[in-house]
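Okay, handing you the structure first.
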Amino acid sequence: MTRRTRRVARALGAIAVVAVVATATGGVLLSDTTTAAYRDTATAVENTYTAPATYLAVSSQFTATSAALSGGYVWVWGYKGYGMAGNGKETEPDEGPKPVFGLAGVTKVVGASDLSETYGTFGALTESGEVYTWGSNKLGRLGIGSTSGNRDYRATPQKVQFPGNERVIDLGSMRATMAAMTESGKVYTWGSGQYGQAGNGSTSEGRGPNSPYLVMENAHSMHVGQRITWVVTRTNQVYWWGRSYQGENGAETVVNNPNPELIRQMSLFAEGCDGPPVAVDDPSDTCGIQAITSSRQAGALLTKSGTVFTFGNRSQGQIGRPAANTTEARKIRQVVLPAAVVQVSAGNYHFTVLDTSGRVWGWGDNASWQASGNIRPNGQTGQGTTDAAAPILLPLRNIIAVGGSRDTSYATRADSVLIGWGAGNDGAIAGSTERRASFTPLVLPGIRETEVY
């Protein structure tokens, strides 16, 4: 159980968590019956289930699809093309929240989708250390060993095979590439090789691996951004590979890097990282670096003390702090916040963070209200689409998790309400009829009307 899920359990207290229960009425077949492009003949059966009472916000790279974890099941809503619903259908017209019935015991879910795409790929990590993927298999993003082209997809979860069937303890997604870390500290990637994000020596989109490719060993923790991966090693060093368009790698460089490279500036934060490999949010982690992530052009680092540092492009307020010039913006510098931070979530050009008091702060691009909703720096309404150049306190309390997709943000409240703000494209904020929403309680099964924000 990760630090975040333990925090969720503590915050929920006596609130009952009712898991989705598959019954003898049937289930989704997990095996694919064809390798042909955009065909999947697995049969989906609508199971009988009890609606859950709690949902945990997650982060992905999708434009119009959202997801949450509840009772070990993945719930999906919004756009559901290319098998993204995981129910055996190529396209599911119902945008409402539905669970992926054939996959239980999930502890983490991620999503990969490139900039020009509405469709994407889901990845899920289970309690047993197995990884399952479904959705688009463009450029081998499913990690199942082959792809038949841009229209290839799988509409039911597919098990990803790792060498030696080693147990996976963490999973991440970039724009069109997945990454996983095993319990022995090995880091694998699969999917697009563009910009070097696969770490396999190539910067060509079509030359990424179609199945898990070993990039590094001796990892203590693995962290991913939009087109970039960082690895903190057990020797207290930090390496990266992928794309740094505006210095979002933390090394102050602008380069496409297809191989692991040491970041000396970031390694200064990596103290006490010589313990066993751990997932992000693991409460046993003693490392000075707790999390690293990135928006499209800026990065953020969270330390053990709860301090947030940013680096990269200062445009649209992405670094959340003042910087006199480009050189200063690319340096690792602290974002001033009044309380220690426990979680950081990155969107396309914005960030949200959760502090120890259960409050949420946002900064960066606000064109769709994804950073600060319609809240001004002084707490009043009327911000409109103005970018948030510094952290703005959002009108949310008792929050236990933050997440989101490209231009949509989410927060899970302790009383089980999931709140969304930002872009509502294709049902990304369940229950909202607006294209741009501000702090909307999502209409999800099991959430009573009396629980709304």
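Please read these numbers as outputs of a predicted model, since none were measured by experiment.
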Inset, instruction - Answer yes or no: is there a side-chain heavy-atom contact under 4.5 Å between V280 and D170? - result: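 In short, these two side chains touch, coming nearer than 4.5 Å.
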Inset, instruction - Look only at the side chain of E166 and the backbone of S184, and say whether a donor-acceptor pair between them is shorter than 3.5 Å. - result: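 Yes; judged by distance alone, with no hydrogens or angles, the pair exists.
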Legend entry - Main-chain N/O of R436 paired to E434 side chain as donor or acceptor, under 3.5 Å: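 Side chain of E434 to backbone of R436, a donor-acceptor pair under 3.5 Å: no, none is there.
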Inset, instruction - Would you check, one step at a time, whether the test side-chain contact (heavy atoms from CB on, under 4.5 Å) holds for T121 with L142? - result: CA-CA 7 Å; T121 308; L142 292 177; 3.5 Å; yes
Inset, instruction - Please test M216 against T233 for side-chain contact (heavy atoms from CB on, under 4.5 Å), starting from the C-alpha separation and ending with a verdict. - result: CA-CA 9 Å; M216 280 192 70; T233 70; 4.0 Å; yes
Legend entry - K108 side chain vs L171 backbone, donor-acceptor pair below 3.5 Å: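 Confirmed, K108 side chain pairs with L171 backbone.
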Inset, instruction - Give a yes or no on whether R435 atom CZ has more than 12 heavy-atom contacts from other residues, nucleotides or ligands under 6.0 Å away. - result: no
Legend entry - Side-chain donor or acceptor of D285 paired with backbone N/O of H220 under 3.5 Å: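 Looks like no, no N/O pair under 3.5 Å.
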Inset, instruction - Would you give the length of the straight line joining atom CZ of F311 to atom CD1 of I319, rounded to the nearest 0.5 angstrom? - result: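 The CD1 atom of I319 is 11.0 Å from CZ of F311, to the nearest 0.5 Å.
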Legend entry - S66 side chain vs A428 backbone, donor-acceptor pair below 3.5 Å: yes
Inset, instruction - Check each of T65, N425, T63 against R406 using the side chain to side chain donor-acceptor pair (under 3.5 Å) test, and report the only one that passes. - result: T63
Inset, instruction - Flag the pair P209 / T189 as yes when at least one side-chain heavy-atom distance between them is below 4.5 Å, and no otherwise. - result: yes
Legend entry - Donor on one side chain, acceptor on other, D407 and H350, under 3.5 Å: no
Legend entry - Passing candidate, side-chain contact (heavy atoms from CB on, under 4.5 Å) with H223, options T229, I292, V238: I292
Legend entry - Under 3.5 Å side-chain donor-acceptor pair for S345 and S59: yes
Legend entry - Close side-chain approach of S192 to D114, heavy-atom, < 4.5 Å: no
Legend entry - Donor-acceptor side-chain pairing of S372 and N366 below 3.5 angstrom: yes
Inset, instruction - For residues T386 and R376, determine if any side-chain heavy atom of one lies less than 4.5 Å from a side-chain heavy atom of the other. - result: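 Of all side-chain heavy-atom pairs linking R376 with T386, none is under 4.5 Å.
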Legend entry - S295 side chain to Q318 side chain, donor-acceptor N/O pair below 3.5 angstrom: yes
Legend entry - Min side-chain heavy-atom separation W241-V187 under 4.5 Å: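 Yes. Closest side-chain heavy atoms under 4.5 Å.
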Inset, instruction - Could you tell me whether Y82 and F122 have their ring centroids closer than 6.0 angstrom? - result: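 Aromatic pair excluded; centres sit 6.0 Å or further apart.
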Inset, instruction - Classify the side-chain pair Q383/T381 by whether it contains a donor and acceptor separated by less than 3.5 Å. - result: no
Inset, instruction - Quick one: closest heavy-atom pair of A198 and T177, and the distance? - result: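 Residues A198 and T177, closest heavy atoms: CA-CG2, 4.3 Å.
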Inset, instruction - Please tell me if the side chains of N87 and K80 come closer than 4.5 Å, counting only heavy atoms from C-beta onward. - result: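 No - every pair of side-chain heavy atoms lies 4.5 Å or more apart.
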Legend entry - Heavy-atom check, side chain of L442 versus side chain of W77, under 4.5 Å: yes
Legend entry - Heavy-atom pair of closest approach, residues Y213 and G199: CE2-O, 3.8 Å
Legend entry - Stepwise side-chain contact (heavy atoms from CB on, under 4.5 Å) check, N348 with D365: CA-CA 8 Å; N348 203 24; D365 179 23; 5.9 Å; no
Inset, instruction - Answer yes or no: is there a donor N or O on one side and an acceptor on the other, between the side chain of T412 and the main chain of Y55, under 3.5 Å? - result: yes
Legend entry - Pairwise side-chain contact, Q194 with M174, heavy-atom cut-off 4.5 Å (strictly under): no
Inset, instruction - Ignoring hydrogens and angles, tell me if any N or O in the side chain of Q197 forms a donor-acceptor pair with the backbone of Y195 under 3.5 Å. - result: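 A pair under 3.5 Å: no.
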Legend entry - Check ion pair K138-E117 (N to O, under 4.0 angstrom): yes
Inset, instruction - Give the C-alpha distance, both sets of side-chain angles, the deciding distance and a yes or no for side-chain contact (heavy atoms from CB on, under 4.5 Å) between N137 and I144. - result: CA-CA 9 Å; N137 194 32; I144 56 177; 4.0 Å; yes
Legend entry - Minimum-distance pair of heavy atoms, taken over all atoms of L418 and A68: CD2-CB, 4.2 Å
Inset, instruction - Check S294 against A346 and note the closest heavy-atom contact, atom names and distance. - result: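 Nearest heavy atoms, S294 then A346: O-CB, 3.3 Å.
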Legend entry - Exam field: side chain N374 to backbone G384, donor-acceptor pair closer than 3.5 Å: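 Yes, N374 side chain to G384 backbone: donor-acceptor pair under 3.5 Å.
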Legend entry - F309 and F269 aromatic centres sub-6.0 Å: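 F309 vs F269: aromatic centres under 6.0 Å.
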Legend entry - Donor-acceptor pair, side chain of W230 and main chain of N249, under 3.5 angstrom: yes
Inset, instruction - Among residues two or more places apart or on two chains, list those pairs meeting ring-ring contact (aromatic ring centres under 6.0 Å, His included) that have a residue in residues 168-192. - result: F162-Y188, F162-W190
Inset, instruction - Verify, without hydrogens or angle tests, whether W134 (side chain) and M84 (backbone) share a donor-acceptor contact under 3.5 angstrom. - result: yes
Legend entry - Exercise: do S136 and R141 side chains pair donor with acceptor under 3.5 Å: yes
